[in-house]
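As structure tokens, the structure follows; a few thoughts come after it.
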Amino acid sequence: MLIAGNWKMNTDVSSCVELARGVVRESKNAGMVRVTVCPPNVFLSSVGAVLDGTRVSLGAQNMHALGRGAYTGEVSGEMLRSLGCHHVILGHSERRQYFRETDAEINRKAKKALKLGLVPIVCVGENLDQRRAGKEFEVVAFQVKYALEDLALLSSNALIIAYEPVWAIGTGETATPAQAQHMHALIRTLVRQQFGSKIGNDLHILYGGSMKPANARDLLSERDVDGGLIGGASLQSDVFGQIIQAAREVEEGRRAAGAD
Ligand code: 13P
């Protein structure tokens, strides 16, 4: 189980460091749950210093597909790597929507991240019109196919997929556990078809979209939900901590059931 916080374009340098310290405290009792936080790029270094030697790992929210050059304002995977990042979110719906990122571009970034040993968290998800039109499975299948096309994936740990229905992001509206499970099962089937059953079975598929303490346990209890990508509720460490605890309880329940 993985619980990841996407801090988006929030915090300043001091509140960011304070939040990171809080997440470290909240993660002391995380059990087997892995925790990662993705601060704004300008604070990666400061947050990295707080996380150093702790069990919380560092992630970024985006990267350029190329290593260096005249791309004013951009940040490369090499730079993220040099700051100690383990994860990088790619193709978040806000990047797709506001910055016109395409699946082809996300695919180039994912390939580069894999080469560098950065674990991409590739985001997919339909918007409200697409769901209303009954096209959610078609849309997500398309995104998975083209964002992951020709990836050289050797292990299930090298990639994470996050299902984030756009209509549930920052709206307070959440997919029901059944809706999330349905989509996660489809994504897992597609990953199995592309990368084989071992990788497909073990790959982490996160749910994102208004996950909070009140709904985390139900969502995380679904069979194909392996964690959460959390926006708003990751900006307060105690609230984020409650989600980590919900994940821990679900994970321990699964292990106990598996041992029976
Ligand atoms: P919220 O949790 O604020 O809905 O955001 C989800 C998200 O976009 C995480 O990447």
Side-chain angles (χ1 to χ4, degrees), residues 1-11 15-16 19 23 26 34-41 43-44 47 56-63 80 85-99 101 106 109-110 113 118-128 130-131 136 139-140 143-144 147 159-177 179-180 183-184 187 204-220 222 225-247:
M1 196 77 86
L2 171 72
I3 298 296
N6 176 6
W7 296 352
K8 306 192 180 181
M9 196 174 71
N10 293 297
T11 71
S15 60
C16 201
L19 181 54
V23 172
E26 296 292 338
R34 290 187 295 135
V35 179
T36 190
V37 293
C38 305
N41 284 343
F43 304 137
L44 281 170
V47 170
V56 181
S57 61
L58 187 64
Q61 300 175 16
N62 182 32
M63 60 175 243
L80 300 180
C85 285
H86 284 96
H87 298 94
V88 59
I89 298 172
L90 295 179
H92 191 281
S93 64
E94 289 148 16
R95 305 260 358 137
R96 293 173 183 263
Q97 189 179 346
Y98 305 130
F99 303 95
E101 273 192 27
I106 296 159
K109 294 180 180 192
L118 272 169
V119 178
I121 303 177
V122 174
C123 300
V124 295
E126 80 286 0
N127 65 30
L128 189 56
Q130 291 162 335
R131 179 162 280 265
E136 65 272 25
V139 167
V140 170
Q143 292 172 338
V144 169
L159 172 75
I160 293 167
I161 297 178
Y163 170 54
E164 299 205 309
V166 179
W167 47 272
I169 295 177
T171 58
E173 199 171 330
T174 318
T176 63
Q179 284 171 325
M183 189 63 83
H184 282 226
I187 294 170
H204 276 66
I205 306 175
L206 312 182
Y207 170 79
S210 299
M211 188 184 273
K212 43 189 180 265
N215 59 30
R217 183 189 307 264
D218 285 348
L219 286 161
L220 295 169
E222 291 295 335
V225 178
D226 307 305
L229 181 56
I230 295 125
S234 70
L235 293 172
Q236 285 170 277
S237 56
D238 55 338
V239 175
F240 192 56
Q242 289 172 47
I243 298 176
I244 295 169
Q245 283 312 311

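Start at 1 with the first residue, then count along the sequence. Counting convention: from 1, in listed order, for ligands and their atoms alike.
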Closer than 3.5 angstrom, by distance alone: can the side chain of [X] be matched with the main-chain N or O of [Y] as a donor-acceptor pair?
{"X": "Tyr207", "Y": "Ala175", "result": "yes"}
{"X": "Ser210", "Y": "Ala168", "result": "yes"}
{"X": "Thr36", "Y": "Ser57", "result": "yes"}
{"X": "Asp226", "Y": "Ile205", "result": "yes"}

Open item on the list: Using a 4.0 Å heavy-atom cut-off, which part of Ala168 comes near ligand 1: side chain, backbone, both, or neither?
Closed with: backbone
Open item on the list: With nothing but distance in play, are any N or O atoms of Lys8 less than 3.5 Å from an N or O of ligand 1?
Closed with: yes
Open item on the list: Any nitrogen or oxygen of Asn6, side chain or backbone, less than 3.5 Å from one on ligand 1?
Closed with: yes
Task: Winner among Glu173, Glu164, Met211 once heavy atoms are compared against atom 10 (O) of ligand 1 - done: Glu164
Residue [X] vicinity, atoms of ligand 1 by number, heavy atom under 4.0 Å:
{"X": "Gly209", "result": "4 (O), 6 (C)"}
{"X": "Gly232", "result": "1 (P), 2 (O), 3 (O)"}
{"X": "Gly231", "result": "1 (P), 2 (O), 3 (O), 5 (O), 6 (C), 9 (C)"}
{"X": "Ser210", "result": "1 (P), 2 (O), 4 (O)"}

Open item on the list: If the contact criterion is a heavy-atom separation under 4.0 Å, does Gly170 count as touching ligand 1?
Closed with: yes
Task: Contact check, Lys212 vs ligand 1, heavy-atom distance below 4.0 Å - done: no
Open item on the list: Ignoring hydrogens and geometry beyond distance, is a side-chain donor-acceptor pair present between Gln61 and His92 at under 3.5 Å?
Closed with: no
Open item on the list: Checking side chain to side chain contact (heavy atoms under 4.5 Å, CB included) between Lys212 and each of Ile230, Val239, Leu219, Thr174, which is the one that passes?
Closed with: Thr174
- [ ] To the nearest 0.5 angstrom, please state how far the CG atom of Asn62 sits from the NZ atom of Lys109.
- [x] 4.0 Å
